[in-house]
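The block underneath contains the structure these notes are about, expressed in structure tokens.
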Amino acid sequence: MHPTTVIEIGLVSALVALLSGAAFLLKKTYRKFVWIVVGAIVLSSLAYYSTRPFIVKSQQAAAVEKLDSYLTGKYRAETWVITDTDAHELQEVINLHVIFDNEPSIVYEYEVAEETIEQLSFWNLHTGESGVVFEHLE
């Protein structure tokens with residue numbers, strides 16, 4: 001679990017605990033309303049935090065497929081490996097890393113959006129190498 005997710009769940013838990021404690025100090029009519037609100041917060045949090053990983057994985061799979069078809073059209077005779085960036089949030093723009101088989105020490109970072117695919121950056125995995133030619137710069 002990502003540290004940000006742990007913090008978010010901790011804040012929701014603190015809010016639920018605070019509201020639950022406050023419910024005992026209220027009159028019976030208000031107490032029932034606060035318990036309904038607490039229940040709604042707990043149920044919505046459970047639904048959100050249990051489905052978010054599946055939605056993120058689906059978004060990344062769609063972005064990988066889109067980038068793969070883009071690279072197939074641009075570099076027909078080559079092969080590559082696409083990896084994700086271990087994102088944990090729902091995003092409109094997905095960043096992916098590509099390593100071409102003929103350049104195994106170079107990583108290219110691509111941004112895949114709804115309508116566009118753009119190469120953001122690149123780097124050499126072997127920092128001591130000099131004179132490296134980047135064949136897939138866009």
Side-chain angles (χ1 to χ4, degrees):
M1 197 180 306
H2 198 271
T4 305
T5 305
V6 172
I7 292 169
E8 290 171 355
I9 291 173
L11 290 174
V12 169
S13 300
L15 177 66
V16 165
L18 182 69
L19 288 175
S20 297
F24 289 114
L25 303 174
L26 298 173
K27 293 181 182 179
K28 188 172 185 174
T29 55
Y30 297 119
R31 187 180 306 158
K32 185 176 182 179
F33 175 73
V34 171
W35 283 119
I36 291 171
V37 169
V38 167
I41 290 172
V42 168
L43 289 176
S44 62
S45 297
L46 281 171
Y48 178 73
Y49 288 109
S50 63
T51 59
R52 182 170 71 172
F54 299 110
I55 295 170
V56 169
K57 192 172 203 108
S58 171
Q59 282 181 334
Q60 289 180 341
V64 165
E65 192 174 308
K66 188 174 182 180
L67 180 59
D68 191 51
S69 66
Y70 170 79
L71 293 173
T72 301
K74 192 161 183 134
Y75 306 108
R76 294 186 201 282
E78 298 186 38
T79 56
W80 50 83
V81 175
I82 300 174
T83 59
D84 61 22
T85 56
D86 296 329
H88 67 283
E89 295 178 350
L90 303 175
Q91 301 173 347
E92 291 183 21
V93 177
I94 307 290
N95 291 336
L96 298 171
H97 298 151
V98 177
I99 299 175
F100 291 90
D101 288 343
N102 63 341
E103 284 183 308
S105 65
I106 311 296
V107 178
Y108 295 92
E109 183 175 23
Y110 285 86
E111 178 183 85
V112 180
E114 184 80 25
E115 299 292 326
T116 61
I117 296 176
E118 181 182 350
Q119 188 179 78
L120 294 180
S121 62
F122 55 92
W123 59 90
N124 189 351
L125 294 175
H126 306 294
T127 56
E129 281 186 41
S130 61
V132 176
V133 177
F134 299 99
E135 298 176 19
H136 300 95
L137 286 181
E138 296 179 10

Donor-acceptor pairs under 3.5 Å, side chain of residues 3-20 to any protein atom, not counting sequence neighbours: which ones?
residue	atom	partner	partner atom	Å
Thr4	OG1	His2	ND1	3.3
Thr5	OG1	Arg52	NH2	2.8
Glu8	OE1	Tyr49	OH	3.2
Glu8	OE1	Arg52	NH1	3.4
Ser13	OG	Ile9	O	2.8
Ser20	OG	Val16	O	2.8

When the side chains of residues 27-37 are checked against the rest of the protein, which donor-acceptor pairs come out under 3.5 Å, sequence neighbours left out?
residue	atom	partner	partner atom	Å
Arg31	NE	Ala23	O	3.1
Arg31	NH2	Leu26	O	3.0

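Across Asp101 and Pro104, no two heavy atoms sit closer than the pair O-CD, 3.7 Å. Closest approach of Thr72 to Asp68, counting heavy atoms only: OG1-O, 2.7 Å. Nearest heavy-atom pair, Ser105 versus Asn124, reported as atom, atom and distance to 0.1 Å: O-OD1, 3.1 Å. Here the closest non-hydrogen pair linking His97 and Asp84 is ND1-O, 4.4 Å.
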Between Tyr108 and Glu138, does the side-chain hydrogen bond (donor to acceptor under 3.5 Å, both in side chains) criterion hold? Intermediate values first, please. CA-CA 10 Å; Tyr108 295 92; Glu138 296 179 10; over 6 Å; no
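Using a 4.5 Å heavy-atom threshold, the side chains of Ile94 and Leu67 count as separate. Contact annotation: the side chain of Gln119 approaches that of Leu137 to within less than 4.5 Å [non-hydrogen atoms, C-beta and beyond]. The side-chain heavy atoms of His136 and Asn102, taken from C-beta on, include a pair separated by under 4.5 Å.
Residues that satisfy the ring-ring contact (aromatic ring centres under 6.0 Å, His included) test with Tyr70, not counting sequence neighbours, are absent from this structure. With sequence neighbours excluded, no residue forms a ring-ring contact (aromatic ring centres under 6.0 Å, His included) with Phe54. Not counting sequence neighbours, Tyr110 has no partner by the ring-ring contact (aromatic ring centres under 6.0 Å, His included) test. Remark: Glu92 pairs with no residue by the side chain to side chain contact (heavy atoms under 4.5 Å, CB included) rule, at least two apart or across chains.
For the atom pair CD (Glu109) and CG (Leu120), the distance works out to 5.0 Å, reported to the nearest 0.5 Å. One distance of note links CD1 of Ile82 with CD of Gln60; it measures 12.0 Å at 0.5 Å rounding.
Taking a 6.0 Å sphere around CD of Glu114, one finds it holds 12 or fewer heavy atoms contributed by other residues, nucleotides or ligands.
The hydrophobic cluster containing Trp123 also contains Ile99, counting ILVMFWY residues as joined when their side-chain heavy atoms lie under 4.5 angstrom apart, directly or transitively. Both Leu46 and Ile41 belong to a single network of hydrophobic side chains, linked directly or stepwise wherever heavy atoms of I, L, V, M, F, W or Y lie under 4.5 Å apart.
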